[in-house]
K.L.:
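Pasting a structure below so you can have a look.
Below, chains carry the letters A, B, ... as their sequence lines are ordered, and counting in each starts from 1.
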Number of protein chains: 2
Amino acid sequence: MDPTVPEAIPVIRPRTSGADVLAETPAYDLIELFFFAYRDFVSDPDRILDEYNFGRAHHRVLHFVDRQPGLTIAELLDILRITKQSLNRVLKELIEKGFIESRTGTADRRQRHLHATPQGRHLALKLARLQTRRIMHALAEMDPEAKNLVSGYLLALIDQDDRAHVQRLVFGEKET
Amino acid sequence: MDPTVPEAIPVIRPRTSGADVLAETPAYDLIELFFFAYRDFVSDPDRILDEYNFGRAHHRVLHFVDRQPGLTIAELLDILRITKQSLNRVLKELIEKGFIESRTGTADRRQRHLHATPQGRHLALKLARLQTRRIMHALAEMDPEAKNLVSGYLLALIDQDDRAHVQRLVFGEKET
DNA sequence: GTTTTTAAGTCAGCCTTGTTGACATATCTC
DNA sequence: GAGATATGTCAACAAGGCTGACTTAAAAAC
């Protein structure tokens, strides 16, 4: 299919030589650690969400609405990169159960501005704290410089074209 | 539901005071960066897997079988933490399409020892290299010490009880 | 040597969360 | 007024989780 790699090459000692070894030797350690870390990272909220009969999709929606009050549907779709139909399924539930409120825009009455209700903010905060606890416990064992380094690394992992967008979204500068 | 947090408290300036501020102020930056970084991290393989009509589940199975030749079903289930039925669905396909081979154990003939075929190893390597490229590009922009720091951080994020297990799995010491 | 336990496989059905495609409605823009 | 835009909705499908029940073969226990 893609004969770049002769089959007989052992996975452990690649034959690539010179400067691009770094790019060609699989970084199995980081690949696997990222997998396991992410799994445990999302497992904390899962347990709580179960009690509300919500899933991870609900969590993501609630999280970003809580973080950016007044977010429109289009903006939320852009962040989550899912279809309108997928979003609507979970958003509808969150609205019906009173965790999110949808307000018709004033400038543009076609738009809907989403806001977490007090109940929604409460749940969002509860979940964020759970994840924060894990994040901070991990950082506590390390150099004080680690937090900046880790967030710099995570940012650098993101697609170049999105990086500025994510940076704005994460570190502020929302024009609402 | 859980009245720990009065609703009126603004998310940005929590009223918690003293030493536990770190534990109570949500680390929104890391939470969100982790989300976006992981999304892009798995998106590279997804594009290739599509060509084979495989999904992420296939990738995970192939990855760990490739990394630990001779893995048994029980060991694989323990790593992936999914049910036998879920595993079987994708494993069967990988075997039928010739990416993985299942050999009856010699010491214990009830067991199956899984091995990636040359075709399987080829695909696994191709996918690992894609992810490695992203990982290394991100690291290239940073301090040379960063790699150890990041892997230390990711390891610290993992559930305490599993940490030793994952460490063995990622950094070697397999007794097979 | 029979019984019990274990490893693996399988059938059936369900849930969540993603997808596509088609279409409706209200509102804004030109 | 015509067309574009933002949202909402119906229907059907797919991937990949899950539970529960049951089979088979082989090992272990007795």
K.L.:
Would you compute the distance between atom CZ of R121(A) and atom CG of L62(A) and round it to the nearest 0.5 angstrom?
P.N.:
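It is 11.0 Å, given to the nearest 0.5 Å.
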K.L.:
Based on the rotation axes of five pairs at each end, what angle does the helix from dG1(C)-dC30(D) to dC30(C)-dG1(D) bend through, to 10°?
P.N.:
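Its terminal axes enclose an angle near 20°.
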K.L.:
Check every nucleotide of DNA chain D for an atom under 4.0 Å from a heavy-atom of chain A, then give the first and the last such nucleotide from 5' to 3'.
P.N.:
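With heavy atoms of chain A under 4.0 Å away, the range is dT5(D) to dC10(D).
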K.L.:
Return the value, rounded to whole Å, for the distance between atom CG of L94(B) and atom C1' of dG9(C).
P.N.:
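Atom CG in L94(B) sits about 16 Å away from atom C1' in dG9(C).
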K.L.:
In whole Å, I'd like the distance from the CG atom of N88(B) to the P atom of dC11(C).
P.N.:
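Taking CG of N88(B) and P of dC11(C), I get 10 Å after rounding.
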K.L.:
Counting distance only, does the side-chain N/O of R103(B) pair as donor-acceptor with the main-chain N or O of H113(B) below 3.5 Å?
P.N.:
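Here the side-chain-to-backbone pair does not exist.
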K.L.:
Is a salt bridge present between R39(A) and D46(A), judged by a nitrogen-to-oxygen distance below 4.0 Å?
P.N.:
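Salt bridge absent between R39(A) and D46(A).
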K.L.:
Any side-chain N or O of R60(A) under 4.0 Å from OP1/OP2 of dG18(C)?
P.N.:
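For dG18(C), OP1 or OP2 has a side-chain N or O of R60(A) closer than 4.0 Å.
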K.L.:
Rounding to an integer number of Å, can you tell me how far R110(B) CZ sits from dT4(C) P?
P.N.:
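After rounding, the reported distance stands at 16 Å.
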K.L.:
Measure CZ/R112(A) against P/dT27(C) and give the value in whole Å, please.
P.N.:
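Between P of dT27(C) and CZ of R112(A): 8 Å.
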K.L.:
Rounded to the nearest 0.5 Å, how far does CD of Q131(B) lie from CD1 of I31(A)?
P.N.:
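I31(A) atom CD1 to Q131(B) atom CD measures 5.0 Å (nearest 0.5 Å).
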K.L.:
Starting at the 5' end of DNA chain C, which residue's closest nucleotide do you reach first, T106(A) or Q85(A)?
P.N.:
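The residue closer to the strand's 5' end, by nearest nucleotide, is Q85(A).
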K.L.:
Can the ring centroids of F54(A) and F99(A) be said to lie less than 6.0 angstrom from one another?
P.N.:
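They qualify: ring centres under 6.0 Å apart.
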K.L.:
If each of L91(A) and R89(B) is mapped to the nucleotide of DNA chain D with the nearest heavy atom, which maps nearer the 5' terminus, i.e. the 5' end?
P.N.:
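Its nucleotide being nearer the 5' end, the pick is L91(A).
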K.L.:
Supply the atom-to-atom distance Y28(A) OH to T132(B) OG1, rounded to the nearest 0.5 angstrom.
P.N.:
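Separation between the atoms: 7.5 Å.
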K.L.:
Quick one: is H58(A) getting a side-chain N or O under 4.0 Å of the dT16(C) phosphate, OP1 or OP2?
P.N.:
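No.
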K.L.:
Quick one: Q111(A) CD to dA26(C) C1', roughly how many Å, whole number?
P.N.:
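These atoms are roughly 13 Å apart.
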K.L.:
Where do I158(A) and V166(A) come nearest, in terms of heavy atoms and distance?
P.N.:
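For I158(A) and V166(A), the tightest heavy-atom pair comes out as CD1-CG1, 3.8 Å.
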K.L.:
Taking only N and O in the side chain of S86(A), is any of them less than 4.0 Å away from OP1 or OP2 of dT17(C)?
P.N.:
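No, no such contact exists.
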K.L.:
Give K84(B) one of three labels, base, sugar-phosphate or nothing, depending on what nucleic acid heavy atoms sit under 4.0 Å from its own.
P.N.:
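Base contact.
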K.L.:
Apply the side-chain hydrogen bond (donor to acceptor under 3.5 Å, both in side chains) test between D44(A) and each candidate in R134(A), R133(A), R129(A); give the one that qualifies.
P.N.:
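With D44(A) as partner, R134(A), R133(A), R129(A) yield a single side-chain hydrogen bond (donor to acceptor under 3.5 Å, both in side chains), made by R134(A).
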K.L.:
Nearest heavy-atom pair of L71(B) and F64(B): which atoms, and what distance?
P.N.:
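Closest heavy-atom pair between L71(B) and F64(B): CD2-O, 3.9 Å.
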K.L.:
Is D40(A) reaching over with its side chain to a backbone N or O of D159(B), donor-acceptor style, under 3.5 angstrom?
P.N.:
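Side chain of D40(A) to backbone of D159(B), a donor-acceptor pair under 3.5 Å: yes, one is there.
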K.L.:
It should be established whether R109(A) places a side-chain nitrogen or oxygen under 4.0 Å from OP1 or OP2 of nucleotide dT27(C).
P.N.:
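R109(A) to dT27(C) OP1/OP2: side-chain N or O found under 4.0 Å.
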K.L.:
In whole angstrom, give the distance that lies between atom NE2 of H113(B) and atom P of dA7(C).
P.N.:
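Rounded to the whole Å, the gap is 12 Å.
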K.L.:
Whole angstroms only, please: what is the CG-C1' distance between N53(A) and dT17(C)?
P.N.:
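The answer, rounded to whole Å, is 15 Å.
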K.L.:
Nearest whole angstrom, please: distance from the C1' of dT16(C) to the NZ of K92(A).
P.N.:
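Taking NZ of K92(A) and C1' of dT16(C), I get 16 Å after rounding.
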